[in-house]
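All chains are named by letter (A, B, ...) in the order of the sequence lines, taking the proteins before the strands, and each is independently numbered beginning at 1.
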Protein chains: 2
Amino acid sequence: MKVLIVEDDQFHSTFVQEALVEALPEVTEIVHAANGAIGEDEARRGEIDAIVMDLQMDQRNGIEAARSIWAERPQSRILFWSNYADDAYLRGIAHIVPEDSAYGYVLKTASRARLKLALRAVLVEGQIMVDREIHRLQRRGTSLRTRLDDSEFNVLIDLALGLQDKLIAERRGMSLRTVQNRLISLYEKLGVISEFDDEVTLNKRVRALNRALVTRTINIETLETAHRDLETWLAGR
Amino acid sequence: MKVLIVEDDQFHSTFVQEALVEALPEVTEIVHAANGAIGEDEARRGEIDAIVMDLQMDQRNGIEAARSIWAERPQSRILFWSNYADDAYLRGIAHIVPEDSAYGYVLKTASRARLKLALRAVLVEGQIMVDREIHRLQRRGTSLRTRLDDSEFNVLIDLALGLQDKLIAERRGMSLRTVQNRLISLYEKLGVISEFDDEVTLNKRVRALNRALVTRTINIETLETAHRDLETWLAGR
DNA sequence: AGAGTTGTTGCGGGTTCCCGCAAGATTATT
DNA sequence: AATAATCTTGCGGGAACCCGCAACAACTCT
């Protein structure tokens with residue numbers, strides 16, 4: 001069994017390697033890649049279907065790499081291994097994971113035992129496994145009704161890019177007023193108003209982006225990839 | 001000589017420790033702290049003046065910790081050791097470093113030799129040392145005229161918080177129109193317009209925040225601390 | 001089937017934003 | 001000291017934003 005480790009941090013990379021050899025005796029070969037682009041190459045060339053993937057990387061992040069890897073070989077099993085429990089990452093993964101594949105998500109703060117468990121469950125057994133810690137963090141402050149639905153999330157992305165209402169309406173196929181309704185519920189769910197708004201009134205759009213970032217609903221990488229998506233959409237319009 | 005390592009990542013922490021014992025034989029004791037708050041305590045209790053400080057930490061980040069440590073013991077020598085070359089961090093440090101103290105800034109991607117060099121230069125020799133790599137990254141795309149001055153940076157912070165022009169004017173002691181002028185130059189320097197603006201017009205404020213984040217002029221921690229600052233300012237108004 | 005809840009859309013208007021124009025004030029240059 | 005360049009400030013207006021109101025449509029629950 002060949003395993004690919006995609007991780008740009010030297011220390012973390014060797015840590016995963018050690019955990020791998022300890023936990024999975026069936027591993028015969030371990031390949032390293034220092035960023036997403038190299039990782040894609042290695043997976044393609046080596047026909048590797050078991051991957052441990054960091055999410056934050058300079059050149060090309062883990063989600064993008066995973067998407068193209070899964071596009072070519074949907075049966076690949078990928079264990080994501082990340083510093084943060086950002087909602088944006090989970091959402092990104094949920095959108096690209098194929099039906100018949102296995103994946104997992106483990107925080108880097110998890111114990112070595114937990115990592116080993118996830119390695120076996122995902123890479124060998126083909127299970128789906130998400131670190132409990134992530135759900136705990138993710139639900140923090142989100143009292144059931146505060147979680148964004150997909151439509152709201154899309155509008156949030158467009159807002160974050162700086163699109164104005166009319167453009168969002170066109171891009172998402174809604175009427176102008178509907179977009180504005182979405183914005184209103186966004187403002188509520190993100191807590192744009194409830195802060196110290198009795199004293200001062202704020203710019204809601206900016207505040208929404210601010211809150212979305214601080215609550216880890218989106219992150220800077222989200223902005224970067226969303227920007228690229230926007231460019232392609234603008235090109236073919 | 002006692003040295004304090006403030007770092008929440010286990011691997012990085014031991015890596016620094018190893019580099020320390022190799023590079024500085026004069027070190028007699030090494031203390032670890034897993035976040036900024038603990039770090040402050042340890043520095044105070046142990047009367048430690050040589051510190052290696054991570055910047056990204058959950059509880060209390062490195063800049064805040066450094067500020068309060070320097071407030072009590074301005075002669076402390078602190079080597080900052082970070083994953084990113086964000087402008088926000090450099091700016092934050094530049095604002096709080098006392099006249100008569102030594103500090104340094106090294107990227108985690110630097111070689112072990114470079115780290116050792118910085119350890120000696122800052123902690124032992126009391127020099128000021130900033131990784132060359134940082135200046136290279138920092139100037140990326142900033143062609144001399146694109147760098148924000150302090151006044152523009154302040155307005156950017158307020159914008160990012162969602163304050164509207166009138167409030168910014170009050171907080172920063174400018175007239176309304178002056179704030180708006182600052183905003184215009186902000187928009188230019190951040191490249192708000194120059195993108196694909198011939199096709200679509202964007203919401204400048206949101207776009208400014210977006211660009212500021214993507215260009216690493218500010219980061220999410222900046223937003224969080226700025227929010228606390230705003231709260232105290234609002235309280236005593 | 002009927003009633004209630006939720007989502008979509010248009011209209012209208014108050015507010016904020018963005019910025020051109022122009023008159024002082026300040027700073028830099030020679 | 002004189003001139004130029006830059007910064008600050010006020011005014012005014014077009015555009016975008018935010019949202020209350022109200023009419024439908026769609027969906028749920030009994």
Side-chain angles (χ1 to χ4, degrees), chain A residues 144-212 230, chain B residues 144-212 230:
Chain A
L144 293 146
R145 291 298 166 85
T146 353
R147 194 172 161 72
L148 307 186
D149 61 37
D150 277 359
S151 146
E152 284 162 344
F153 190 77
N154 286 335
V155 172
L156 171 60
I157 294 296
D158 288 351
L159 177 147
L161 290 172
L163 301 191
Q164 42 195 75
D165 299 1
K166 219 171 72 181
L167 249 288
I168 303 178
E170 182 187 339
R171 187 177 188 199
R172 303 299 179 187
M174 319 183 200
S175 90
L176 213 171
R177 192 61 180 85
T178 302
V179 170
Q180 295 173 332
N181 282 335
R182 286 282 133 77
L183 286 172
I184 291 174
S185 65
L186 263 184
Y187 298 153
E188 284 174 8
K189 290 190 178 177
L190 290 172
V192 166
I193 19 113
S194 62
E195 302 242 32
F196 33 50
D197 209 7
D198 44 330
E199 291 195 70
V200 296
T201 61
L202 304 164
N203 181 309
K204 308 236 160 128
R205 298 199 145 220
V206 171
R207 193 84 199 129
L209 176 50
N210 185 316
R211 293 289 305 157
L230 174 63
Chain B
L144 293 145
R145 292 297 169 83
T146 353
R147 195 171 159 73
L148 307 185
D149 61 37
D150 276 359
S151 146
E152 285 162 342
F153 190 78
N154 286 336
V155 173
L156 171 61
I157 294 296
D158 288 350
L159 177 147
L161 289 172
L163 300 191
Q164 42 195 74
D165 300 359
K166 219 171 72 181
L167 249 288
I168 303 179
E170 181 187 339
R171 187 177 188 198
R172 303 299 179 186
M174 318 183 201
S175 89
L176 212 172
R177 192 62 180 83
T178 302
V179 171
Q180 296 173 331
N181 283 335
R182 285 284 133 76
L183 287 173
I184 290 174
S185 65
L186 262 184
Y187 297 154
E188 284 174 7
K189 290 190 179 177
L190 290 173
V192 165
I193 20 116
S194 63
E195 302 239 35
F196 33 50
D197 209 7
D198 43 331
E199 291 194 69
V200 295
T201 61
L202 304 164
N203 181 308
K204 309 237 159 125
R205 298 198 145 221
V206 172
R207 194 84 199 126
L209 176 51
N210 184 315
R211 293 289 306 156
L230 173 62

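A side chain to side chain contact (heavy atoms under 4.5 Å, CB included) with B:Leu161 is found for exactly one of A:Asn203, A:Asn210, A:Leu202, namely A:Asn210.
Distance CG (A:Leu159) to C1' (D:dA16): 13 Å, rounded to an integer number of Å. As a whole-Å value, the separation of B:Asn203 CG from C:dT16 P is 16 Å. Atom CG of A:Leu183 is separated from atom P of D:dG20 by 14 Å (rounded to the nearest Å). Taking atom CG of A:Asp149 as the reference point, atom C1' of C:dT6 lies 12 Å away to the nearest angstrom. Between the CG atom of A:Leu167 and the P atom of D:dC17 there is a distance of 10 Å, given to the nearest Å. Remark: P of C:dT8 and CD1 of A:Ile168 are 15 Å apart, rounded to the nearest angstrom. Rounding to whole angstrom units, OH of residue A:Tyr187 and C1' of C:dT16 are separated by 13 Å. The CG-P distance, from B:Leu202 to D:dC17, rounds to 10 Å in whole Å.
With hydrogens and angles disregarded, a donor-acceptor distance shorter than 3.5 Å links the side chain of B:Arg211 to the backbone of B:Leu190. Remark: side-chain polar atoms of B:Asp165 are not paired, donor with acceptor, to backbone N or O of B:Leu176 under 3.5 angstrom. A distance-only check finds no donor-acceptor pair linking the side chain of B:Arg205 to the backbone of A:Val206 [under 3.5 Å].
For A:Thr178, a side-chain nitrogen or oxygen approaches OP1 or OP2 of C:dT9 to under 4.0 Å. Taking only side-chain nitrogens and oxygens, B:Lys204 comes nearer than 4.0 Å to OP1 or OP2 of C:dC19.
Within 4.0 Å (heavy atoms only), B:Asn181 reaches at least one base atom of the nucleic acid. Looking at heavy-atom distances under 4.0 Å, B:Gln180 makes contact with a base.
Comparing A:Gly162 and B:Ser175 against DNA chain D, the residue whose closest nucleotide sits nearer the 5' end is B:Ser175. Each of A:Lys166 and B:Leu176 was assigned the nucleotide of DNA chain D with the nearest heavy atom; the assignment lying further toward the 5' end belongs to B:Leu176.
Side-chain contact check for A:Thr201 versus B:Gln164: some heavy-atom pair is nearer than 4.5 Å.
Of the candidate nucleotides D:dA16, C:dC17, C:dT8, C:dT8 has the atom nearest to the side chain of A:Arg182.
At a cut-off of 3.5 angstrom, counting only N and O atoms as typed in the model, there is no donor on one side facing an acceptor on the other between the side-chain of B:Arg177 and the base of D:dG12.
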